[in-house]
Amino acid sequence: MVKITYNAARCKGCHYCVNACPKKCITLSGDTNNAGYETVKFNETECVACGSCYTVCPDYAIVIEKED
Amino acid sequence: MAAKTFNIPTLMQGLPPHTACQGCGHGIAGRIIYEVIEEMGMSSNCVAFHDLACGANMLFAQKGNGFSGAHGRAIPTATGFKRTRPDMLVFSYAGDGATYSIGMQHTIHTALRNENITAIVVNNTNFGMTGGQMSPATLIGQKTTSSPKGRTAELNGNPIDITEVYSGMKIAYLARGSVDSVANINKTKAYIRKAFEKQMAGCGFSFVEIMAPCPTNWGMTALGSIKRMQDEVLKLYPVGEYIDGGAK
Ligand SMILES: Cc1ncc(C[n+]2csc(CCOP(=O)(O)OP(=O)(O)O)c2C)c(N)n1
Ligand code: SF4
Ligand code: SF4
Ligand code: SF4
């Protein structure tokens with residue numbers, strides 16, 4: 001099981017994570033946060049916990065946890 | 001307990017967001033440095049010496065020891081500290097403007113002395129903080145606020161490649177990484193780790209240049225700036241290890 005914690009308030013909408021996800025489980029949310037940045041949304045069931053989105057995120061908005 | 005977790009290092013947790021621009025490479029470069037420090041168990045035994053530019057955002061994105069001195073003087077300030085506290089992990093963190101313009105004498109003489117510190121240089125091919133002026137690392141043809149028609153070799157000289165400048169010098173380590181992709185970010189982490197380990201083993205000067213985007217001053221979207229890195233910047237400044245020296 002994978003748990004994704006996404007802090008939309010920290011997100012700056014660079015969309016590096018969308019670009020980096022090998023499973024295409026990150027897409028644009030269509031919403032903006034209070035700072036005016038377009039946020040993203042995650043499909044947790046497709047996530048393989050590779051950590052790519054965490055790795056490319058310049059704003060520390062994503063935590064990925066994989067349970068056994 | 002999670003079996004596997006991807007989360008920022010403890011020294012970076014619980015702080016307000018940093019103020020670097022959307023897609024700025026400093027956010028990634030700063031984070032991977034502290035990931036390495038945590039993995040080495042050095043979190044309470046390290047000091048960062050920052051330059052007064054956009055990279056100073058990273059000074060406030062971590063709770064460890066840090067110091068910000070005069071622009072272009074991060075390397076000599078780190079040198080002074082390391083000489084009094086050789087037990088600590090000491091690194092400088094600065095941009096290409098600071099390191100290859102105003103601070104260039106330190107970039108050369110610190111290497112000539114093979115000083116036992118690590119210099120990390122985030123090269124975004126311009127002066128980010130002051131509004132995107134040309135730096136020594138600006139590419140030929142690149143338009144900046146001080147080269148509005150694009151840099152030319154005739155008028156402005158050729159771009160500096162630190163791997164050519166240090167070629168043949170007796171320093172402990174020289175590598176160039178990049179934050180454009182997961183693969184290169186992981187490679188860059190390994191370079192930083194090697195640089196820090198050489199310092200702690202007393203091998204001498206280690207230098208890691210990290211290629212990074214500055215979408216704001218490049219006048220591009222964040223993803224557009226990553227494309228520019230891959231299409232242009234990394235072709236002139238290839239990623240890799242350039243010097244891998246032994247003991248002092
Ligand atoms: C002695 C001195 N000269 C000039 C400046 C103005 N200044 C601040 S940051 C900077 C350059 C920033 O470029 P770089 O070092 O490449 O870092 P970046 O902001 O791109 O990360 C300059 C010239 C200063 N603060 N102090
Ligand atoms: S951990 Fe990997 S698979 Fe899961 S959302 Fe992030 S990039 Fe996609
Ligand atoms: S990489 Fe981070 S800051 Fe950029 S869009 Fe994704 S979550 Fe937001
Ligand atoms: S101006 Fe460039 S280097 Fe400075 S914070 Fe913005 S993107 Fe980063």
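Order of the sequence lines fixes the chain letters, A, B, ..., with proteins taken first and strands second; residue numbering starts at 1 for each chain. All figures in this text were calculated on a predicted structure; none of them were measured in a lab.
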Discussion item. At a heavy-atom distance under 4.5 Å, which candidate from A/Ala9, A/Ala61, A/Cys53, A/Gly51 has the highest pair count against chain B?
Written reply: A/Gly51
Practice prompt. Kindly check if the number of other-residue, nucleotide or ligand heavy atoms within 6.0 Å of NZ (B/Lys187) is above 12?
Written response: no
Discussion item. How long is the straight-line distance from CG of A/Asp59 back to OG1 of B/Thr19, given to the nearest 0.5 Å?
Written reply: 10.0 Å
Practice prompt. Output, in order, the C-alpha distance, side-chain angles, deciding distance and verdict of side chain to side chain contact (heavy atoms under 4.5 Å, CB included) for A/Ile64 and B/Thr5.
Written response: CA-CA 6 Å; A/Ile64 303 288; B/Thr5 302; over 6 Å; no
Worksheet entry | Nearest heavy atoms of A/Tyr16 and B/Pro213, plus distance in Å | OH-CG, 3.8 Å
Worksheet entry | Under 4.5 Å from any heavy atom of chain B - which part of A/Ala49 | backbone
Worksheet item: So, B/His18 side chain and A/Pro58 main chain: donor-acceptor pair closer than 3.5 Å or not?
Response: yes
Worksheet item: Looking at CD1 of B/Ile28 and SG of A/Cys14, how far apart are the two atoms once the value is rounded to the nearest 0.5 Å?
Response: 7.5 Å
Worksheet entry | A/Ser52 versus B/Val182, closest heavy-atom pair with distance | CB-CG2, 3.8 Å
Fill in: Full working for side chain to side chain contact (heavy atoms under 4.5 Å, CB included) between A/Tyr54 and B/Ile8
CA-CA 9 Å; A/Tyr54 162 85; B/Ile8 52 170; 4.1 Å; yes
Worksheet item: Is there side-chain contact between B/Gln13 and A/Tyr60, with at least one heavy-atom pair below 4.5 Å?
Response: no
Worksheet item: Taking everything shown except A/Lys41 itself, do over 12 heavy atoms lie less than 6.0 Å from its NZ?
Response: yes
Discussion item. Looking only at heavy atoms and a cut-off of under 4.5 Å, which of B/Cys24, B/Pro215, B/Gly25, B/Ala20 has the most pairs with chain A?
Written reply: B/Ala20
Discussion item. Below 4.5 Å, heavy-atom pairs only: which of B/Val179, B/Asn186, B/Ile185 has the largest tally toward chain A?
Written reply: B/Ile185
Response to the item:
CG (B/Asn7) and CD (A/Glu65) are apart, to the nearest 0.5 Å, by 7.0 Å
Worksheet entry | B/Arg31 to A/Thr55 - nearest heavy-atom pair and separation | NH2-O, 2.7 Å
Worksheet item: Of all the residues in residues 225-238 of chain B, which have a heavy atom that comes within less than 4.5 Å of a heavy atom in chain A?
Response: B/Ser225, B/Ile226
Worksheet item: Under 4.5 Å, heavy atom to heavy atom, which residues of residues 54-68 of chain B contact chain A?
Response: B/Met58
Worksheet item: Between B/Lys4 (side chain) and A/Cys50 (backbone), is there a donor-acceptor pair under 3.5 Å?
Response: no
